[in-house]
Amino acid sequence: GAHWLERPAADVVGHHISTLLTPYHTPPLGVPQPATTNSSTTALRTMSMVHTGRRMTVEVTERPIEFHGKSAILSVVRDITERERAMVALQAAKEYAENIINSSLDIIVSVDTERRIIAFNHAAQQAFGYQPDEVLGQPVHLLYAHPAVGTGIHHHALTNGHYTGEITNKRKDGTLF
């Protein structure tokens with residue numbers, strides 16, 4: 001386990017983790033975060049630098065234990081640098097996709113597996129007359145002139161992987177289009 005600290009195990013065992021990780025003050029991910037305590041276990045996430053200068057994000061979990069009849073602290077340290085980078089990249093990709101969806105001139109309404117609306121772009125707002133907070137989480141059949149048609153479309157899409165066709169929809173004011 002000491003290999004990612006870039007030290008031999010003999011240089012690590014018996015030392016408190018705070019002496020092995022040097023904090024640094026360029027937190028691009030909004031860390032360090034305050035420690036959370038659950039019973040006798042403490043966990044925190046922080047940015048650190050190993051003695052070679054490599055920077056990383058670590059998650060440290062500590063709890064008191066008894067080791068060979070003596071009180072000790074068990075420290076579990078995970079290098080979560082790549083996980084943090086992946087989370088930042090995922091958030092950026094999500095924002096990029098949302099920008100594309102919201103800037104589309106086409107109506108885009110996305111639903112979850114229970115057919116509840118989870119995305120409603122600007123073109124959909126203009127066409128249907130609803131604000132997102134009025135439809136998000138609502139059944140998609142709210143938008144169909146004939147809800148049974150929506151059920152048929154859903155089954156067709158599940159069977160064939162898609163649906164292409166014209167649908168009569170209903171605006172907030174009840175007019176059909």
Side-chain angles (χ1 to χ4, degrees), residues 4 23-49 54-63 76-177:
W4 62 268
Y24 68 95
H25 302 288
T26 55
L29 303 172
V31 289
Q33 294 186 349
T36 57
T37 302
N38 180 4
S39 177
S40 60
T41 301
T42 302
L44 67 97
R45 190 171 77 196
T46 188
M47 303 290 280
S48 294
M49 183 171 25
R54 183 172 60 93
R55 295 177 179 181
M56 64 183 158
T57 307
V58 295
E59 181 180 74
V60 182
T61 306
E62 294 183 329
R63 69 181 184 108
V76 178
V77 181
R78 290 180 189 91
D79 180 352
I80 60 169
T81 306
E82 290 306 314
R83 179 174 70 181
E84 292 290 321
R85 286 183 186 146
M87 288 172 52
V88 168
L90 180 61
Q91 182 62 33
K94 180 181 180 238
E95 290 171 5
Y96 179 74
E98 286 174 354
N99 286 334
I100 290 172
I101 289 168
N102 283 325
S103 64
S104 175
L105 299 177
D106 294 323
I107 296 171
I108 299 176
V109 178
S110 296
V111 297
D112 62 14
T113 57
E114 296 175 0
R115 301 188 66 231
R116 297 204 173 272
I117 300 170
I118 59 172
F120 197 75
N121 76 343
H122 294 298
Q125 293 171 43
Q126 294 290 338
F128 287 98
Y130 288 104
Q131 292 301 308
D133 63 336
E134 296 175 287
V135 295
L136 293 177
Q138 298 299 316
V140 71
H141 68 75
L142 168 80
L143 305 176
Y144 291 114
H146 309 288
V149 172
T151 303
I153 291 169
H154 175 70
H155 290 289
H156 180 84
L158 287 176
T159 303
N160 300 302
H162 71 283
Y163 173 81
T164 303
E166 291 190 20
I167 305 165
T168 303
N169 295 295
K170 182 173 59 173
R171 291 186 174 95
K172 182 179 178 178
D173 67 7
T175 59
L176 303 181
F177 69 102

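Quick caveat, the model's predicted, so the values are computed rather than measured.
Pairs passing the salt bridge (charged side-chain N to carboxylate O under 4.0 Å, His left out) check and including a residue from residues 127-141, sequence neighbours excluded, read E134-K172. Sorted by first then second residue, the side-chain hydrogen bond (donor to acceptor under 3.5 Å, both in side chains) pairs that include residues 160-170, not counting sequence neighbours, are H156-N160.
Of all non-hydrogen atoms in N121 and D106, the two that sit nearest each other are ND2-O, 2.8 Å. Between F120 and N102, the shortest heavy-atom contact is O-OD1, 4.5 Å. Between Q125 and P132, the closest heavy-atom pair is NE2-CG, 3.3 Å. For the residue pair P139 and R116, the shortest heavy atom distance occurs at CD-NH1, 3.2 Å. Minimum interatomic distance between A127 and I107 (heavy atoms only, all atoms of both residues): CB-CD1, 3.4 Å.
Taking H146 as the reference, nothing meets the ring pair (Phe, Tyr, Trp, His ring centres under 6.0 Å) condition, with sequence neighbours excluded. Applying the side-chain contact (heavy atoms from CB on, under 4.5 Å) rule to A97 yields no partners; only residues at least two apart in sequence or on another chain are considered. Considering only residues two or more places apart in sequence or on other chains, R83 meets the salt bridge (charged side-chain N to carboxylate O under 4.0 Å, His left out) condition with E59. Residues meeting the salt bridge (charged side-chain N to carboxylate O under 4.0 Å, His left out) test with E82, sequence neighbours left out: R85.
Looking only at distances, no side-chain donor or acceptor of D112 sits under 3.5 Å from a matching main-chain atom of I117. Side chain of R63 to main chain of T41: no donor-acceptor pair is present (N/O by atom type, distance under 3.5 Å, no hydrogens or angles). Within the 3.5 Å criterion, the main-chain N or O of I101 finds no donor-acceptor partner in the side chain of S104. Within the 3.5 Å criterion, the main-chain N or O of T57 finds a donor-acceptor partner in the side chain of T81.
No side-chain heavy atom of H122 sits under 4.5 Å from any side-chain heavy atom of Q126. Under the 4.5 Å side-chain criterion, counting only non-hydrogen atoms from C-beta, T151 is not in contact with H141. The side-chain heavy atoms of M56 and M47, taken from C-beta on, include no pair separated by under 4.5 Å. Considering only heavy atoms from C-beta on, V111 stays 4.5 Å or farther from H154 through its side chain. For the pair D79 and R54, the minimum side-chain heavy-atom distance is below 4.5 Å. Taking 4.5 Å as the limit, some side-chain heavy atom of Y144 sits within range of a side-chain heavy atom of I153.
The only option from V60, V58, T61 that meets the side chain to side chain contact (heavy atoms under 4.5 Å, CB included) definition with R78 turns out to be T61.
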Steps toward side chain to side chain contact (heavy atoms under 4.5 Å, CB included) verdict (F177, R171): CA-CA 8 Å; F177 69 102; R171 291 186 174 95; 3.5 Å; yes
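Atom OG1 of residue T113 and atom CD1 of residue I118 lie 9.0 Å apart, to the nearest 0.5 angstrom. The CG atom of N99 lies 7.5 Å from the CD atom of E95; values are rounded to the nearest 0.5 Å. The CZ atom of F128 lies 10.5 Å from the OG1 atom of T175; values are rounded to the nearest 0.5 Å.
Around the CG atom of L176, the shell of radius 6.0 Å holds more than 12 heavy atoms that belong to other residues, nucleotides or ligands.
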